[in-house]
Amino acid sequence: MRRVLAFFSDRPLVIQRADMSSLDQDRHLHPSGRTQTSDPGDVVALAKQPLQGLKLASHAVLEKAQERGRLKCSKCGGSRMFFCYTCCSLLGVHLQEIPVIKLPVKIDIIKHPNETDGKSTAVHAKILAPGDVTIHTYPCVPDYERGKVVLVFPGPGSVSVQEMMQCLREMADSRPRGSSYEPAAKRRKSEEVQGPTHSAENSESSPDEATGLESRTYPLQRVVFIDSTWNQTNKISTDERLQDLLRVELKTRKTCFWRSQKGKPDTYLATIEAIYYFLKDFREHCLAQEYDGEYDNLLFFYSFLHSIINKAKTSAGKC
């Protein structure tokens with residue numbers, strides 16, 4: 001099984017990667033995350049589901065797309081369901097039918113070139129928050145400005161989300177002026193993954209809202225995640241272009257990923273889980289705002305796939 005790193009507590013956590021191909025054998029299942037049931041046994045089972053209680057958009061559109069089955073991507077020709085993970089484009093689903101999320105800070109995902117696109121949940125973030133998420137394929141790494149960008153990765157000197165903003169402000173006080181965030185020119189030939197284009201009214205905030213948010217998040221401009229298997233992550237994490245970034249650790253979280261690995265802890269997270277938990281902590285501890293499901297829809301696709309596969313396992317007597 002392929003894994004990707006999320007970074008929590010005092011050690012790296014492997015992010016497990018979802019395989020979209022597993023949907024082929026489970027297409028007869030049509031889950032609904034919010035459906036009520038009269039069967040007491042089902043009620044108990046639902047109560048145990050870790051993704052219950054999220055404030056999600058309706059999954060009805062995904063259920064209909066699942067019934068239709070896979071479609072051919074007009075860009076790359078691949079057979080896909082819901083979206084093309086190679087082109088970051090929707091298939092069988094319209095832009096107006098899925099949630100569009102405005103994030104409080106920009107997200108960069110550095111993806112190893114040898115990773116299988118179909119096993120990464122990073123694409124979920126790009127499709128659901130297209131204005132705020134960028135996927136770079138390594139070795140394409142932007143020239144980040146120290147004191148304005150953090151890397152979610154453990155290591156010597158790493159700090160918690162709660163400590164992050166104060167550390168950045170201290171770094172900003174000693175930062176030379178005149179720096180800017182721009183990808184290195186010599187690496188612009190490397191491809192950035194493009195996502196769907198949403199209307200500005202859905203993804204853009206008003207000038208006043210943007211100004212207020214910037215003042216609360218200053219000096220943080222961007223958060224970087226590494227999307228790679230365990231064996232490959234060292235090459236990216238030790239890249240000289242990331243060495244000056246403040247490293248942030250997250251509180252230990254338990255994964256909801258459906259492919260558990262023998263001998264591996266349940267703190268191994270999927271990429272989208274790592275992003276979600278960071279933003280949740282960021283809102284509560286850095287913006288000092290109560291969390292009320294503002295970023296739950298980042299798990300829109302993930303929660304649907306989770307339900308499908310867990311129901312298939314239950315039907316097969318595997319759980």
Side-chain angles (χ1 to χ4, degrees), residues 18-20 22-39 42-71 73 80-85 88-104 107 121-133 195-205 255-258 270-273 275-277 279-280 283 290-315:
D19 188 352
M20 290 292 292
S22 62
L23 286 177
D24 284 339
Q25 62 187 17
D26 305 324
R27 283 173 48 193
H28 61 285
L29 298 172
H30 307 292
S32 177
R34 301 232 176 228
T35 299
Q36 298 294 324
T37 175
S38 58
D39 188 326
D42 288 343
V43 171
V44 174
L46 286 173
K48 294 181 179 179
Q49 294 300 314
L51 296 177
Q52 290 299 308
L54 295 174
K55 294 186 176 182
L56 297 171
S58 172
H59 280 152
V61 62
L62 299 184
E63 294 173 3
K64 292 179 180 178
Q66 186 190 10
E67 291 175 354
R68 290 191 293 267
R70 288 174 170 259
L71 299 174
C73 176
R80 310 285 190 251
M81 186 180 293
F82 309 139
F83 54 82
C84 177
Y85 43 74
C88 285
S89 57
L90 293 168
L91 291 177
V93 179
H94 297 294
L95 295 176
Q96 298 83 354
E97 297 176 314
I98 67 169
V100 179
I101 309 161
K102 180 64 180 175
L103 305 183
I107 300 290
T121 58
V123 65
H124 297 188
K126 179 60 182 175
I127 290 177
L128 295 167
D132 296 314
V133 176
T197 301
H198 294 264
S199 62
E201 63 181 4
N202 287 333
S203 59
E204 299 295 333
S205 57
T255 185
C256 298
F257 191 67
W258 44 89
T271 304
I272 194 65
E273 289 178 314
I275 295 172
Y276 167 74
Y277 284 127
L279 291 173
K280 186 176 181 181
R283 181 178 179 85
E290 182 179 354
Y291 185 76
D292 191 29
E294 286 78 9
Y295 313 125
D296 283 4
N297 272 321
L298 283 173
L299 301 177
F300 177 69
F301 292 113
Y302 185 77
S303 61
F304 184 74
L305 299 176
H306 177 274
S307 181
I308 289 175
I309 295 174
N310 272 3
K311 285 189 176 183
K313 287 182 176 181
T314 300
S315 299

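Just so it is clear, the values below take in all heavy atoms, side chains as well, and ignore hydrogens, waters and symmetry mates. Numbering of residues begins at 1 and proceeds along the displayed sequence.
When atom types are taken as modelled, the side chain of Arg283 and the backbone of Glu290 share a donor-acceptor pair closer than 3.5 angstrom. With hydrogens and angles ignored, the 3.5 Å screen pairs no side-chain donor or acceptor of Arg80 with any backbone N or O of Leu91. Looking at Asn297, its side chain never comes within 3.5 Å of a backbone N or O of Leu128 through a donor-acceptor pair. Remark: the backbone N or O of Thr271 is paired with a side-chain donor or acceptor of Thr121 at under 3.5 angstrom.
Scanning both residues, Lys126 and Cys88, for their nearest heavy atoms gives CG-SG, 3.8 Å. The two residues Ser303 and His59 make their nearest non-hydrogen contact at OG-CE1, 3.2 Å. Here the closest non-hydrogen pair linking Val61 and Ser58 is CG1-O, 4.2 Å. Annotation for Ala65 and Val93: closest pair CB-CG2, 4.0 Å, computed over non-hydrogen atoms.
Gln66 is listed as a side-chain neighbour of Ile308, based on a closest heavy-atom distance under 4.5 Å. Here the side chains of Ile101 and Phe300 are not in contact, with every heavy-atom distance at 4.5 Å or above. Proximity of Glu294 to Leu279: side-chain heavy atoms (C-beta onward) are nowhere separated by under 4.5 Å. Side-chain contact between Tyr291 and Asp296 is present, with heavy atoms from C-beta onward closer than 4.5 Å.
Taken from CG in Leu305 to SG in Cys256, the straight-line distance is 13.0 Å, to the nearest 0.5 Å. Ser89 contributes atom OG, which lies 7.0 Å from atom CD1 of Ile127 (distance to the nearest 0.5 angstrom). Of the inter-residue distances, the one linking His306 atom NE2 with Glu273 atom CD reads 8.5 Å to the nearest 0.5 angstrom. Rounding to the nearest 0.5 angstrom, the gap separating the CG atom in Leu56 from the CG atom in Leu299 is 7.0 Å.
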task = Check the pair Asp132, Ile107 against side-chain contact (heavy atoms from CB on, under 4.5 Å), reporting the backbone distance first and the verdict last.
result = CA-CA 6 Å; Asp132 296 314; Ile107 300 290; 5.7 Å; no

ask   = side-chain contact (heavy atoms from CB on, under 4.5 Å) between Leu103 and Leu298: does it pass, once the steps are laid out?
value = CA-CA 10 Å; Leu103 305 183; Leu298 283 173; 4.3 Å; yes

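Remark: Tyr276 pairs with no residue by the ring pair (Phe, Tyr, Trp, His ring centres under 6.0 Å) rule, at least two apart or across chains.
The aromatic rings of Phe82 and Phe304 stand perpendicular to each other, their planes meeting at an angle above 60°, with 30° marking the opposite boundary.
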